[in-house]
Amino acid sequence: MPRRIILDCDPGHDDAIAILLAAGSPEIDLVAITTVSGNQALAKVTRNALAIAELAGLDAVPIAAGAGRPLVRAVEYAPQIHGESGLDGPDLPEPTRLLDVRHAARLIIDLVMDSEPGSLTLVPTGPLTNIALAARLEPRIVDRVREVVFMGGGVHVGNWSATAEFNIVADPEAAAIVVGESWPVTMVGLDATHQALAGPDVRTRLRAVGTASARVVDELLEFYGGAYLSSQGFDAPPVHDPVAVAHVIDPTLLTVVRAPLDVELRGALTLGMTVADLRSPAPEGTTTSVALAVDASRFWSHVEDALARLP
Ligand code: BDR
Ligand code: CA
């Protein structure tokens, strides 16, 4: 049975690749896409999600826009990585379809409450605002969601500050709500995603796929690679968000350990830091886990195969 997921995202180059990986993987049933302000303003990332859905032929998958700002903090975007559009680089198809009229949090609640308990997995790859809002609006979803697998944070590493990762520091209160709930949570953070690098060998592999979706991914990686080189000194860019989707496709890809997890909300130097207690054994009842590594070669094979199945 394919795993049913809602992808909550802020496309974003790597979010776009996460959508395509989900769309092209038979192990995944993509039930909805929801958007949140993050890499760019809500209107831009929502348009990008619609355009990527158009490219992938996801005509029947509802798409809903959610929060346009974090719960508490001032809004912040990442144009230095994703450009002014949030998805600079390729020419994307003009979206022809309409958004679901519901707020993303409401769509998430409706889908979870209408599903078999334990059948739906949430995969957030942007700030966690929508997921936190949904959990507060309808607390019964917490017991009904199978698992939350989010891209964000890091145990030993930051990228937006010395200690914090963008998705978490963009809305740390929302992240604290999500990791503090009793649902199973897996953090796919920078420890793993900094191993999912799109170097020249990967680019060659993906280019050889030859579909329109693979061509768009190549153009996305061209812009994203340049941005990562100039703004963060990476020779090959880390492609974060599809790693969270890949964990749902194949749970053996990532090295994951169970550990208590929390988000720093008060630190002067550590705001948004994800603090995992890796002392062993994890206390009984621990519902949070953190990914520490990924088998990058097998990860890229999944991306390659998905792109080959898409238009
Ligand atoms: C995360 O931040 C965004 O720029 C990416 O889309 C990814 O979700 C990486 O820190
Ligand atoms: Ca993202």
Side-chain angles (χ1 to χ4, degrees), residues 5-22 33-42 44-46 48-49 52 65-67 70 75-89 104 122-131 148-172 174-175 178 186-198 217 220-221 223-234 236-247 263 271-274 290-291 294:
I5 72 165
I6 299 175
L7 189 51
D8 182 66
C9 57
D10 60 337
H13 294 66
D14 51 337
D15 302 83
I17 299 170
I19 295 172
L20 295 173
L21 175 59
I33 298 171
T34 50
T35 60
V36 62
S37 128
N39 287 323
Q40 263 298 351
L42 183 67
K44 293 183 182 181
V45 300
T46 303
N48 295 341
I52 295 294
V75 72
E76 207 181 341
Y77 307 129
Q80 57 275 61
I81 301 286
H82 300 278
E84 277 311 312
S85 71
L87 212 47
D88 278 13
L122 306 182
V123 184
T125 62
L128 288 151
T129 323
N130 289 337
I131 311 298
V148 180
V149 178
F150 73 90
M151 188 283 134
V155 180
H156 304 295
V157 54
N159 65 2
W160 214 246
S161 74
T163 54
E165 181 278 334
F166 176 76
N167 288 341
I168 304 300
V169 81
D171 194 343
V178 172
T186 299
M187 177 176 94
V188 180
L190 299 176
D191 306 87
T193 67
H194 277 179
Q195 299 176 350
L197 301 169
V217 167
L220 285 169
L221 290 174
F223 179 90
Y224 185 68
Y228 248 101
L229 177 62
S230 57
S231 74
Q232 295 202 25
F234 278 73
V239 183
H240 309 276
D241 294 338
V243 181
V245 173
H247 176 61
V263 177
L271 176 69
M273 180 179 181
T274 47
V290 296
V294 61

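For reference, positions follow the sequence shown, starting with 1. Quick note: numbers below take in every heavy atom, side chains included, and nothing from hydrogens, waters or symmetry partners. Just so you know, ligand 1 is whichever comes first in the structure, and atom 1 is the first atom listed for that ligand.
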Note to self: Taking N, O or S atoms only and a limit of 3.0 Å, check whether Asp14 reaches the Ca ion (ligand 2).
What the structure shows: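 Of the N, O and S atoms in Asp14, none lies under 3.0 Å from the Ca ion (ligand 2), which means no.
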
Is it the side chain (CB and beyond), the backbone, both or neither of [X] that lies under 4.0 Å from ligand 1, heavy atoms counted?
X      : result
Met151 : side chain
Thr125 : backbone
Asn39  : side chain
Asp15  : side chain

Check: Quick one: which of Asp14, Asp15, Thr125 gives a side chain to side chain donor-acceptor pair (under 3.5 Å) with Asn39?
Finding: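 With Asn39 as partner, side chain to side chain donor-acceptor pair (under 3.5 Å) holds for just one option, Asp15.
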
Does the [X] side chain pair with the main chain of [Y], one donor and one acceptor, at a distance under 3.5 Å?
X      : Y      : value
Thr163 : Gly158 : no
Asn130 : Thr35  : yes
Asn48  : Ser85  : yes
Glu165 : Asn167 : yes
Glu84  : Pro79  : no

Next item on the list: Determine, using heavy atoms of Asp14 and all atoms of ligand 1, whether some pair is separated by less than 4.0 Å.
Entry: yes

Notebook entry, point to check: Do the rings of His13 and Tyr224 sit parallel, tilted or perpendicular, given the 30° and 60° boundaries?
Noted result: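 Answer is parallel, since the angle falls under 30°.
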
Check: Among all protein non-hydrogen atoms, which one is nearest to atom 1 (C) of ligand 1, and what is the separation to 0.1 Å?
Finding: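 Here the closest protein heavy atom is Glu165 OE2, 3.2 Å.
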
Next item on the list: Give the residue and atom name of whichever protein heavy atom lies nearest to atom 8 (O) of ligand 1, and the separation in Å to one decimal.
Entry: Asp241 OD1, 2.6 Å

Item checked: Result of checking Ile6, Val149, Ile5 against Leu122 for side-chain contact (heavy atoms from CB on, under 4.5 Å) -> Ile6

Item checked: Atoms in ligand 1 flagged as close to His82, the criterion being non-hydrogen separation under 4.0 Å -> 3 (C), 4 (O), 5 (C), 6 (O)

Next item on the list: Within a distance under 4.0 Å of any heavy atom of Asn159, pick out the atoms of ligand 1 and give their elements.
Entry: 9 (C), 10 (O)

Notebook entry, point to check: Where the Ca ion (ligand 2) is the centre, what is the OD2-to-OD1 angle for Asp15 and Asp10, rounded to 10°?
Noted result: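 Computed angle, vertex at the Ca ion (ligand 2), rounded to 10 degrees: 70°.
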
Checklist line | Degrees at the Ca ion (ligand 2) between the OD2 atom of Asp241 and the O atom of Thr125, nearest 10° | finding: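 About 90°, to the nearest ten degrees.
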
Item checked: Polar contact flag for Asn167 and ligand 1 (N/O pairs, less than 3.5 Å) -> yes

Note to self: Quick one about Thr129 and Asp171 (side-chain donor to acceptor, distance below 3.5 Å, no hydrogens or angles considered), yes or no?
What the structure shows: yes

